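Here, residue 1 is the first one in the sequence, and each next residue gets the next number. The shown structure was predicted, so the numbers you read here are calculated from the model rather than taken from an experiment.
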Amino acid sequence: MRPDTPAENVDHTAEAARLERTAGLYPEDAEALLLQAAAHLELAGARPAASTLYDRLLSSRVSLENPYLVRALKAANLWEYGHEAEARAIIEGVRAASPRDPAPWVIVAEALESHDELEQAQEAFTEGARLLLTDVTDPPYSTHPLLFGRHRVRRMLGLPHDEWDALADTFNSSPVSLDELHDPKRVWSLGSDNPAELEAEISRLRAELGTYREALSRPFPVAVLHWSATELSELVSSYPTLSSEYPSHEEHLATIEASLRELASSGTPNLGIVTGTVPSYEAFAASEGSSPGDATLLPQYATTLAARGRAVEWPPQRGTACWCGSGTAYEACHGTE
């Protein structure tokens, strides 16, 4: 979650520096931490410094979990301090790459929208929706901003509702309809002498604030712990007491998928998978004053990784690689019935 606290309440420059130092201590979390640091720098008005952090991530030798999100954020930031041509070029590159994550699509479309490029914004939102939501009966929570943003821009353009606009309406938890919230002729009544107009606008603003708070307060995923074959082999070799938890890697993978399906069928929302590493787990055990061989630490470790933003959404977006690391699309791998 990117910060949005006003500068008068937070020293964003100091917070960015703290996050950079923390990234040096926890390289496995560097991507998430540096993105947070860059967001603080943007809020502090230090946009060139924020771009430097985005460049640092993009030039890193370590593979990024979401390079297109970093590129999208860099483009949005560049455009805000006069580098429009470079921002547009990056945005076109992100769109051409067709990322399977909704976040980059939302960032580039909102960047276009904020600079009054409404037609292009609508096209970007639609490209993302077409890629991620075609033949998807129950769009995951992460795609909702894509639908809401698309609805908003299409409403401003005066375009008729289509099936995705109708779908966006069904996910709107606000007591005020999306049509009303996104009405381009909406009366901003702060200067109005009409009490009815003022009261209606206050109601709309409260609804928007409630939706925003709901998004901010959304808990981290209920996450299941996953180990790659190499990491699991090292883990069990170093701590044989865990062999009863992990008889084999194949059984470990099957258990993950079965557990997540059982949670989903019981109505548990917001599910995810976190991938552990032996050094990270050992550091966690040390911080808890326990032995890594203690199996009761495993769920706590998974929760800690999820709280640090390490979880990936389950089930994966249609057409994306399976969470197990096989490289095969999820539907053809662990997503088969």
Side-chain angles (χ1 to χ4, degrees), residues 28-29 31-32 63-69 97-105 128-144 146 218-237 239 242-278 280-281 295 297-337:
E28 69 274 16
D29 293 331
E31 183 175 345
S63 297
L64 297 177
E65 291 183 10
N66 199 334
Y68 297 113
L69 175 60
S98 300
R100 305 294 308 196
D101 175 32
W105 289 105
R130 187 179 297 116
L131 178 70
L132 301 175
L133 300 177
T134 299
D135 298 327
V136 176
T137 55
D138 187 18
Y141 181 85
S142 62
T143 63
H144 293 185
L146 189 65
R218 183 171 172 80
F220 51 81
V222 175
V224 176
L225 182 59
H226 161 248
W227 301 92
S228 69
T230 303
E231 292 290 337
L232 186 62
S233 176
E234 181 181 345
L235 179 73
V236 174
S237 176
Y239 308 102
L242 296 180
S243 58
S244 59
E245 292 286 325
Y246 303 115
S248 69
H249 190 248
E250 291 72 19
E251 187 170 337
H252 168 54
L253 299 182
T255 299
I256 290 173
E257 183 69 24
S259 299
L260 287 165
R261 293 191 180 205
E262 182 177 349
L263 287 168
S265 65
S266 69
T268 304
N270 200 20
L271 298 174
I273 295 174
V274 289
T275 299
T277 65
V278 174
S280 170
Y281 177 59
L297 283 179
L298 295 169
Q300 298 175 46
Y301 175 55
T303 300
T304 300
L305 291 178
R308 284 159 52 187
R310 305 294 294 173
V312 296
E313 188 177 54
W314 182 93
Q317 294 287 330
R318 182 178 179 82
T320 56
C322 187
W323 54 263
C324 71
S326 65
T328 304
Y330 173 69
E331 306 91 271
C333 192
H334 282 89
T336 56
E337 295 292 343

Would you check if the side chain of [X] reaches a backbone N or O of [Y] as a donor-acceptor pair within less than 3.5 Å?
{"X": "Ser233", "Y": "Ala229", "answer": "no"}
{"X": "Ser280", "Y": "Thr277", "answer": "no"}
{"X": "Thr255", "Y": "Glu251", "answer": "yes"}

### Task
List for me each residue that meets ring pair (Phe, Tyr, Trp, His ring centres under 6.0 Å) alongside Tyr281, sequence neighbours excluded, and say none if there are none.
Trp227, Tyr301

### side-chain contact (heavy atoms from CB on, under 4.5 Å) partners of Ala129, counting only residues at least two apart
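side-chain contact (heavy atoms from CB on, under 4.5 Å) list for Ala129, sorted by chain: Leu133, Leu146, Arg150, Trp164.
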
Minimum heavy-atom separation for [X] and [Y], please, with both atom names.
{"X": "Pro99", "Y": "Leu132", "value": "O-CD2, 4.3 Å"}
{"X": "Leu260", "Y": "Gly272", "value": "CD2-O, 3.9 Å"}
{"X": "Ala302", "Y": "Ala223", "value": "CB-O, 4.0 Å"}
{"X": "His144", "Y": "Pro139", "value": "NE2-O, 3.4 Å"}
{"X": "Leu69", "Y": "Pro104", "value": "N-CG, 3.6 Å"}
{"X": "Ser326", "Y": "Cys322", "value": "OG-CB, 4.0 Å"}

### Query
Any salt bridge between Glu65 and Arg310, counting N to O under 4.0 Å?
yes

### Query
Would you say the side-chain atoms of Ser266 and Thr268 include a donor-acceptor pair closer than 3.5 Å?
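Distance-only check passes for Ser266 and Thr268.
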
### Query
Does a donor on one side chain sit under 3.5 Å from an acceptor on the other, for Glu245 and Tyr239?
no

### Task
Verify side chain to side chain contact (heavy atoms under 4.5 Å, CB included) between Trp314 and Leu263, making sure each step is shown before the conclusion.
CA-CA 11 Å; Trp314 182 93; Leu263 287 168; over 6 Å; no

With a 4.5 Å limit on heavy-atom distance, are the side chains of [X] and [Y] in contact?
{"X": "Asn270", "Y": "Tyr141", "value": "no"}
{"X": "Val312", "Y": "Thr275", "value": "no"}
{"X": "Leu225", "Y": "Pro299", "value": "no"}
{"X": "Ile256", "Y": "Ile273", "value": "yes"}
{"X": "Trp323", "Y": "Leu253", "value": "yes"}

### Task
For Leu298 and Leu242, run side chain to side chain contact (heavy atoms under 4.5 Å, CB included): C-alpha distance rounded to whole Å, both residues' side-chain angles, the deciding distance at 0.1 Å, then the answer.
CA-CA 10 Å; Leu298 295 169; Leu242 296 180; 4.2 Å; yes

Which value, rounded to the nearest 0.5 Å, describes the distance between [X] atom [atom1] and [Y] atom [atom2]?
{"X": "His334", "Y": "Cys324", "atom1": "NE2", "atom2": "SG", "answer": "5.0 Å"}
{"X": "Leu305", "Y": "Gln300", "atom1": "CG", "atom2": "CD", "answer": "12.0 Å"}
{"X": "His226", "Y": "Ser228", "atom1": "NE2", "atom2": "OG", "answer": "6.5 Å"}
{"X": "Asp101", "Y": "Asn66", "atom1": "CG", "atom2": "CG", "answer": "4.5 Å"}

### Query
Taking only residues two or more places apart in sequence, or in another chain, which ones meet Glu31 in a salt bridge (Lys or Arg N to Asp or Glu O under 4.0 Å)?
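Glu31 satisfies salt bridge (Lys or Arg N to Asp or Glu O under 4.0 Å) with no other residue.
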
